[in-house]
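Everything on this sheet refers to the single structure shown next.
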Amino acid sequence: MNKKFSLNTQTAVLIMAFVMWILLSLGSKSFLSGPNIQNIMRQMAIQGVLGIAEVLVIVTAGIDLSVGSVVAFVNIIMSQMITGDAALSIPLAIIICFTFSALIGLAHGVLVFDFRLPPFIATLGTMTILRGVVLLLSGGSNVFGLPRSVADFASGDANFLGLPYLFWLLIITVFVIELVLRRTSFGRYIYALGSNPEAARLSGVNTRMVTYGVYMMASTLAGLAGVMETSRLWMGVPSTGTGYELDAIAAAVLGGTSLMGAEGTPAGAFVGALVMTTIYNGSVLLRVNPFWTRIIVGVILVVTVSVDQWRKRRAGE
Amino acid sequence: MEPILEVRGITKRFGGLTAVDEVDMQIYPGEVVGLLGDNGAGKSTMIKMISGVYHPSSGQIFYCGKEVAIHNPMDALSMGIETIYQDLALAENLNVYANIFLGREKKKKFLKLFNVLDHSYMHNEAQSVLKRLDIDIPSLRNKIAMLSGGQRQAVAISRSIYWDAKLLIMDEPTAALGVAEQKKVLDLVLTLKSQNVPVIIISHQMRDVFSVADRVVVMRRGKKAGERIVKETSPDEVVGLIVGSVEH
């Protein structure tokens, strides 16, 4: 690759974010205020965690459409478990939520590896099924009466070193998943699987376990996002998480993840989530018609990926 | 002398199709054997049974004098049977040393608790094996996708050598290579032979096989059509075996 043009998508998008921040701080007095920055951090935390979940599966040349439904599923069962007369303790409820999420991921792994379903179909199935389960469990209505402490975790005062707890969860997730991908053989196998599954198998890699592991990690991260969402909403909302999977995929792709597999990093998803959240947040502050916001995000996504493709083709020549 | 590898009456059926039919074959130490045949003659199926990708329908495999069952690629690798496939079986988005160690990464303890990859060890080991085989690759941190066909083939070969191959199987090693690179790969085969590593080489290129092999085994429609010592035969006779105009 040419050194002069080694500007990768991730860096380009990061620069884009900085430019936006400068323009927005000129355009709106409140943009760079402490509360607004904290708000952006809390907003991007959930999207960032889901983006990292997508990075994991997309690197294996898969996809996970179910993350939004997993968020809703965890949101509802957690809300139901910690309310009412027979309320469980919050840590126990969270452990149960993670267990269910991991089992959903295991189901994806089995469907994709053993039943040879395309990941798109397998996770489209669970996305639809889980949404139905959520509506059945909740009867379609919100769950109220969660303990105050749940909301406190995501509140404006819940800071450590000046950063919201939710944002810390995102930072820890980026850090841990980066380490797994860079420093462990499991991480290496995830890239090998996306690069050439046959080569991985012939080299003696246990591709079944890697597939199971990737989908379980992705769904567990979606479960974590569900717990974070519950804290933010302070109630169970059956319709929550709708469309989150697409924002998560967009965050991953904006961060340089290739849908062809074997390319992408959690740090990239972080940057992607930052840009998208900045756009959503900035449009509100600038009083842009919210209908336009989606159009802006879509255009940026398409342009970024087109430029990336063009750059790669040129590098290949 | 005892053969390193011997297969007896090996057969592979896919449903009604018999891809390999009762084939016998031996490979002796330090010998290069060419496995020849037309498309669909059963050459690839044959080596895939030795390398553990397919399980034979019937027949026996003897390795160093003992009968063995090879259930999966890892079994073959742990015995020292290394295979370089036609499509090279390299992960293009991983770098050179990651490919050499793929599936068998060297790890070290981090905080006495976690097994993490030992990048510098793998990098240095890869460098020394490439040097031993006189292979020149600019940076081992380059992804395979950035290498030429010959360099990829060289990486695949050095992976096998690094893992101490007792028997090396090469499927079409010179297909898709430039002329200079073909020569380089064939030189590597001779280097291995001089180090007493037996090699089975599958090729369409009669010239390649005649330049490196000691013996050729010809397959035709799943059966063994014949076997010749290279010094005692001619390309014409071998072509005759391949197309069926010469009986064994």
What residues of [range] sit under 4.5 Å from chain B when you count only heavy atoms?
{"range": "residues 186-195 of chain A", "value": "R188(A), Y189(A), Y191(A), A192(A), S195(A)"}
{"range": "residues 255-271 of chain A", "value": "G261(A), A262(A), E263(A)"}
{"range": "residues 208-228 of chain A", "value": "none"}

Rounded distance [0.5 Å steps], [atom1] in [X] versus [atom2] in [Y]:
{"X": "F110(B)", "Y": "T184(A)", "atom1": "CZ", "atom2": "OG1", "result": "12.5 Å"}
{"X": "S203(A)", "Y": "W163(B)", "atom1": "OG", "atom2": "CH2", "result": "11.0 Å"}
{"X": "R183(A)", "Y": "E105(B)", "atom1": "CZ", "atom2": "CD", "result": "13.0 Å"}
{"X": "E198(A)", "Y": "Y85(B)", "atom1": "CD", "atom2": "OH", "result": "8.0 Å"}
{"X": "S185(A)", "Y": "L102(B)", "atom1": "OG", "atom2": "CG", "result": "10.0 Å"}

Check this for me: F14(B), atom CZ, are more than 12 non-hydrogen atoms of other residues, nucleotides or ligands nearer than 6.0 Å?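 Correct, the count exceeds 12.
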
Counting neighbours of NZ on K109(B) that are heavy atoms of other residues, nucleotides or ligands and sit closer than 6.0 Å, is the number greater than 12?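 Yes, the 6.0 Å shell around NZ holds more than 12 heavy atoms from other groups.
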
Any donor-acceptor pair under 3.5 Å linking the side chain of H119(B) with the backbone of R182(A)?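 Judged by distance alone, yes, a pair lies under 3.5 Å.
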
Under 4.5 Å, counting heavy-atom pairs only, tell me which of V205(A), V180(A), L202(A) racks up the most with chain B.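 Of the candidates given, the most pairs with chain B belong to L202(A).
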
Do N206(A) and M74(B) make a side-chain contact, defined as non-hydrogen atoms from C-beta onward lying under 4.5 Å apart?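 Counting from C-beta outward, N206(A) and M74(B) never come under 4.5 Å.
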
Using non-hydrogen atoms only, which part of K106(B) is less than 4.5 Å away from chain A: side chain, backbone, both, or neither?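 It is neither, since no heavy atom gets under 4.5 Å.
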
For E125(B), what residues pass the side chain to side chain donor-acceptor pair (under 3.5 Å) criterion, not counting sequence neighbours?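 With neighbours one apart ignored, the set is Y162(B).
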
